[in-house]
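Just so you know, ligand 1 is whichever comes first in the structure, and atom 1 is the first atom listed for that ligand. For this chain, numbers begin at 1 and follow the sequence in order.
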Amino acid sequence: MNSLKEFIFDIFFTGGRLRNKLFFMIVAIALTPLVSVSFLSLYTSTLSHKNDVAIIEDNILFQKSVEIQNFIDEILSTFKIHFNLPLEQLIVKEDEEITYAVAKKDLNNILQSIMEENSFIEETSFIDASILRDKNEPTNVYGLEVAKVSKNGENSEAFSSLKNLSYFQSAARGKDYVSEVFFTAKGPMVIIASPVRNDMNRIIGVLTGQVNLLGIQKIVSRTQFGNSGYLYVVDREGRIVASSRERGSIKPTNLSGLALISDVLLGKDRLGIEGQGRFTSFWNEQVIGAGKKLRSLDLSLIAEWPVSDVDSFINTIRNYMILFSVITLLLILVSSIFISHRIVHPIEILEKGAERIAKGNFEEPVTIITRDEIERLGTAFNSMMMGLKEFRALKDEFVFIAAHELRTPVTAIRGYLSMIEDGDAGPVPPKIKEYLDPVMQSNMRLVTLVNDLLEVARQEAGRITIQTAKIDNLGMSISAVIKELKPLADKKQITVLYDDRAVKPVMTDESRLKEVMVNLLSNAVKYTLGSGKVSIWHDVRENMLVTHVRDSGIGIPKEAQAKLFEKFYRVQDERLRNVTGTGLGLFIIKQLIERMGGKIWFVSEPGQGTTFSFSLPLAF
Ligand code: ADP
């Protein structure tokens, strides 16, 4: 694998590549379920959490309302006493003197034992209800308090007439009574009243008591839900009677202004998920609240749960979900990179193999080990390459043999034709000479083609031998070539100038070098239409001697420049219709120069001329 940096660059920036496509496809396929599952579970857990919150608040409200109800019921039940008196009256009144059917002492004992039964009863009293009835309104009963015991020892002796007190009136008519809450230094209190009956089930009196609601506070104060959910009890007017929020003394704070509380006070229970509201509590905190009114007592229970606490649970779930998603995403990314690499890498190997074959290199088979179809494809690819290699060898062999066999007869024809033309076989009549010239020219072209083909075939079969040696007088070799080609140049009025001042000894194969020079010079002359100038000179660059051949010819079109050294390539140009050639010269000399350790290149401006340059290693 390439370096990680290149690899990541490949993934993200070389668009349109199969690797990228696969990568994004795998990521998309894996991400879709991940995202939908995450959202779905977040959604369902939020929903079920909301439900849980509602259930917890409701349960607390129900449970605590039962406990408070039990507390009051228990107190009421201790007030349920009854006298074993067959009489209708408890108290007998004679001559303005009061005589008791029940001894005062016994009454006091009864009251004392009631007080001892429940520590929250602050005071009890007994009211005689038997005698004082309103004659005009028989239902209107007057009572006389006949005994009273209180915690602070204020046991009353003086009897007072108690008329129209609502708690007395209610109990005297047979109904248990629980008063409104009133606040004292000892805490919030209620008055409880209960009828006292005799054997005949007649109401003969009323037992009343003052009950301290700290008993309710005791029930409520133990309540907590979540980390900071709390519960409180308000009276009919919305004043706090008990609270798990404030453990100390209860102040009669009025909360009836809150929408939740005013609703509950009106008798509208706010329970279940619908009954839940988010609002700012009296203590300036965002809370989720629920409320319930106690039916038989004028008290309401309110549960409030700070949103920050409620949501912390869901936030924890969400954070875990995000963490989980990020880790999964990273795993998906990493595995997508590796999966796409695993799939694409062998394809890239095949691609590179195919590129090598295109360049004619059949020597390097591809190596793919995937133990699947792609590995089999690699094996088939290698067999195909071997087949091509054999095919090319056969072709080279064929071209070589054909060219080789053609050369002898073609050269022989040239010899005989020259002899005929020179008059060795007698004078040549003008008509025959006229036909002989094109035959000669065609034969010349055939000779060049056969020679070039032979040269290419030799090169491709690796039959060319190059023997480099130190050549001190490169200038002389070049001058010899110039001299050889001078008649051609003169014919076209092309001057050839050679500046050999910078020439240096080089490592080269002299005869091959001459081939190169013949080729370049004859091209310079061939591709200069009309008269012109050819210059040859040298310079030295980094241990190489560079030879330049500049002409003032037609130049090479830009689009043709990349293909110039290819086998059989010739520039298509109307003006070159009569210029013969094979397209093999440059291909051959490029191989020769490279085999001698040099390079060849050119710079050309169409219409201005071309400069071919080649380098050879300096000899020291
Ligand atoms: P050819 O036998 O056609 O000359 P070469 O391989 O020597 O084959 O050259 C290939 C082609 O390159 C030529 O056909 C010609 O179009 C172009 N060419 C080569 N040398 C020159 C030059 N000096 N000026 C312009 N074109 C050239």
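- Closest to atom 12 (O) of ligand 1, if we only count protein heavy atoms, is L564 CD1, 3.5 Å.
- Within a 6.0 Å sphere centred on CD1 of I369, other residues, nucleotides and ligands contribute 12 heavy atoms or fewer.
- Every atom of ligand 1 is numbered from 1 in the order shown, and the set under 4.0 Å from a heavy atom of G585 is 5 (P), 6 (O), 7 (O).
- Each of the atoms 1 (P), 2 (O), 3 (O), 6 (O), 8 (O) of ligand 1 lies under 4.0 Å from some heavy atom of G583.
- In terms of modelled atom types and a separation under 3.5 Å, the side chain of K50 and the main chain of S45 share no donor-acceptor contact.
- Residue K492 qualifies as enclosed at atom NZ: its count of foreign heavy atoms under 6.0 Å is above 12.
- Near V571, the atoms of ligand 1 lying under 4.0 angstrom from a non-hydrogen atom of the residue are 14 (O), 16 (O).
- Here the heavy atom of the protein found nearest to atom 2 (O) of ligand 1 is T582 N, 2.9 Å.
- The shortest distance between side-chain heavy atoms of L521 and E484 does not fall below 4.5 Å.
- Ligand 1 places these atoms under 4.0 Å from at least one heavy atom of K526: 1 (P), 2 (O), 4 (O).
- Less than 4.0 angstrom separates some heavy atom of L586 from each of these atoms of ligand 1: 5 (P), 6 (O), 7 (O), 9 (O), 10 (C), 12 (O), 19 (C).
- Put simply, the side chain of V366 does not reach to within 4.5 Å of the side chain of M385, judged on heavy atoms.
- In this structure, F602 does not count as a contact residue of ligand 1, since none of its heavy atoms falls inside 4.0 Å of the ligand.
- Of all protein heavy atoms, the one lying nearest to atom 3 (O) of ligand 1 is R570 NE, 2.6 Å.
- Closest to atom 23 (N) of ligand 1 among all protein heavy atoms lies D551 OD2, 2.8 Å.
- In terms of protein heavy-atom proximity, atom 4 (O) of ligand 1 is nearest to Y527 OH, 2.8 Å.
- Atoms of ligand 1 lying under 4.0 Å from at least one heavy atom of N519, given by number and element, are 7 (O).
- Of all atoms in ligand 1, numbered sequentially from 1 with element shown, those under 4.0 Å from a heavy atom of G555 are 25 (C).
- Under 4.0 Å from ligand 1, not a single heavy atom of T528 appears.
- D509 is listed as a side-chain neighbour of M596, based on a closest heavy-atom distance under 4.5 Å.
- Taking 4.0 Å as the cut-off, Y569 counts as a neighbour of ligand 1 on heavy-atom distance.
- Checked against the 6.0 Å centroid threshold, F587 and F565 do not count as a close aromatic pair.
- For the pair K590 and E594, the salt-bridge criterion is met [side-chain N within less than 4.0 Å of a carboxylate O].
- Within a 6.0 Å sphere centred on CZ of F279, other residues, nucleotides and ligands contribute more than 12 heavy atoms.
- Side-chain contact check for S613 and H548: at least one donor-acceptor pair (N or O, by modelled atom type) lies under 3.5 Å.
- For the pair N523 and ligand 1, the shortest N or O to N or O distance falls below 3.5 Å.
- Checked against the 6.0 Å centroid threshold, H345 and F338 do not count as a close aromatic pair.
- For atom 26 (N) of ligand 1, the nearest protein heavy atom (residue, atom name, distance) is I556 CG1, 3.5 Å.
- The shortest separation from a heavy atom of S522 to ligand 1 is not under 4.0 Å, leaving the residue out of contact.
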